[in-house]
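When reading the values below, keep in mind they use all heavy atoms of this one structure, side chains included, and skip hydrogens, waters and symmetry mates. As the structure lists them, so they are numbered: ligands from 1, and atoms in each ligand from 1.
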Amino acid sequence: MKRVVVFTGAGVSAESGISTFRDSGGLWEQYKIEDVATPQAWLADFELVLDFYNQRRKQVLLAQPNAAHLSIPLLHEKFEVNVITQNIDDLHERAGSENVLHLHGEIRKSRSTIDPQLIYNIDGWELKKGDRCEKGSQLRPHIVWFGEMVPAMDEAIQITAKADIMIVIGTSLEVYPAANLVSYVPDYCETYLIDPNAKIPAHSSGIRIINDKAGNAVPALVKKLLENE
Ligand code: OAD
């Protein structure tokens, strides 16, 4: 079976009502990255950081998977499928995708501040001051912040290097190392980029650009790939 690797960013969840980061009106117009999404921000004012991610969690809990998320698991009928996402929401999982690798963490989980192996599910929307791990330290959101390592990157590269078809959806490809993933596709891989404002990524020639919203373009591409296989 051929392998399809789906690599997503915030744009795949935009039609579910979850804010993107760099579009006009996006999150990074409303907040400064250095105030809410860095280890320094946590040290300076961890309650502000908790509040920022509590708001993100509320938004995710209200959201439902859209047509793009829902069409991806249909590929399982004829392909091996991996989803690699920069998103912290769980909409791929709720749409039925298996094998979802989160490069930038998961909003519905918390993590110990003294032992990164201690990861917990969060019930509801709120992670509070005083919520502690079993070793007694304050819990933080299970998110990769700017300036932190991306622990899942090596696994993502290994998966991408085996792709026969790569579908990149709704990402500005501005944040590294994630943005570099497309440079690891093998020469024979068919690569698609679905984004209404798609720019040709560096290091990737032959990429097929589909300038459309994920909710239209992903189901159409999935249908075409299934028909042609
Ligand atoms: P961005 O906000 O940088 O880019 C979102 C992309 O989605 C843009 O290229 C939009 O054109 C596109 N888009 C908007 N609506 C769309 C739709 N309906 N269908 C398809 N595409 C659409 O978000 P990311 O590239 O995901 O990291 O950002 C990467 C990382 O930067 C995030 O994971 C996050 C952020 O800061 C961390 O917080 C560590």
Exercise. Do any N/O atoms on Phe21 end up under 3.5 angstrom from N/O atoms on ligand 1?
Worked result: yes
For this session: Indicate yes or no: does Lys223 engage Glu229 in a salt bridge with an N to O separation below 4.0 Å.
Result: no
Exercise. Can an N or O of Asp195 be found at a distance shorter than 3.5 Å from an N or O of ligand 1?
Worked result: yes
Exercise. Which pair of non-hydrogen atoms, one from Ala163 and one from Tyr188, has the smallest distance, and what is that distance?
Worked result: O-CE1, 3.6 Å
Exercise. Should Trp28 be listed as contacting ligand 1, given a heavy-atom distance under 4.0 Å as the test?
Worked result: yes
Exercise. Starting from atom 25 (O) of ligand 1, which protein heavy atom do you reach first, and at what distance in Å?
Worked result: Thr171 OG1, 2.7 Å
Exercise. Got a second to check how far Leu226's CG is from Phe79's CZ, nearest 0.5 Å?
Worked result: 6.0 Å
For this session: Fit a plane to each ring of Phe52 and Trp28, take the angle between them on a 0 to 90° scale, and name the class: parallel (under 30°), tilted (30 to 60°) or perpendicular (over 60°).
Result: parallel
Exercise. Can you check whether Asp212 has an N/O within less than 3.5 Å of an N/O in ligand 1?
Worked result: no
Problem set entry | Shortest reach to atom 22 (C) of ligand 1 by a heavy atom, considering only Pro196, Gly147, Ala14 | Pro196
Problem set entry | Short N-O contact, Asp115 and Lys135, less than 4.0 angstrom | yes
Problem set entry | Euclidean distance, Leu62 CG relative to Trp125 CH2, rounded to 0.5 Å | 11.5 Å
Problem set entry | N or O contact, Arg22 vs ligand 1, cut-off under 3.5 Å | yes
Problem set entry | For atom 17 (C) of ligand 1, closest protein heavy-atom neighbour | Gly11 O, 3.3 Å
For this session: Specify side chain, backbone, both or neither for Val175, according to which of its non-hydrogen atoms lie closer than 4.0 Å to ligand 1.
Result: side chain
For this session: Considering only NZ, NE, NH1 and NH2 on the basic side and carboxylate oxygens on the acidic side, decide whether Glu106 and Lys109 come within less than 4.0 Å.
Result: yes
Exercise. Using heavy atoms and a threshold below 4.0 Å, how should the contact between Val144 and ligand 1 be classified: side chain, backbone, both, or neither?
Worked result: backbone
For this session: Check whether any heavy atom of Glu174 sits under 4.0 Å from an atom of ligand 1.
Result: no
Seminar exercise, completed: among protein heavy atoms, the one nearest atom 38 (O) of ligand 1 is Phe146 CE1, 3.8 Å
For this session: Looking only at protein heavy atoms, identify the closest one to atom 26 (O) of ligand 1 and say how far it is in Å.
Result: Ala10 N, 2.8 Å
Exercise. If you measure every N/O of Trp145 against every N/O of ligand 1, is any gap under 3.5 Å?
Worked result: no
Exercise. Between His104 and ligand 1, which part of the residue brings a heavy atom under 4.0 Å of the ligand: side chain, backbone, both or neither?
Worked result: side chain
Exercise. Among protein heavy atoms, which sits nearest to atom 18 (N) of ligand 1, and what does the distance come to when rounded to 0.1 Å?
Worked result: Glu15 OE2, 2.8 Å
For this session: Select the closest option to atom 5 (C) of ligand 1 among Gly170, Ser19, Gly9, judged by heavy-atom distance.
Result: Gly170
Problem set entry | Check: Ser97/His69 side-chain N/O donor and acceptor closer than 3.5 Å | no
For this session: Could you find the nearest protein heavy atom to atom 1 (P) of ligand 1 and give me its residue, atom name and distance?
Result: Ser172 OG, 3.7 Å
Seminar exercise, completed: for atom 10 (C) of ligand 1, nearest protein heavy atom and its distance come out as Asp23 OD1, 3.3 Å
Problem set entry | atom 19 (N) of ligand 1 [closest protein heavy-atom partner, distance rounded to 0.1 Å] | Ala214 N, 2.8 Å
Problem set entry | Arg57 side chain near Ile88 side chain, heavy-atom distance below 4.5 Å | no
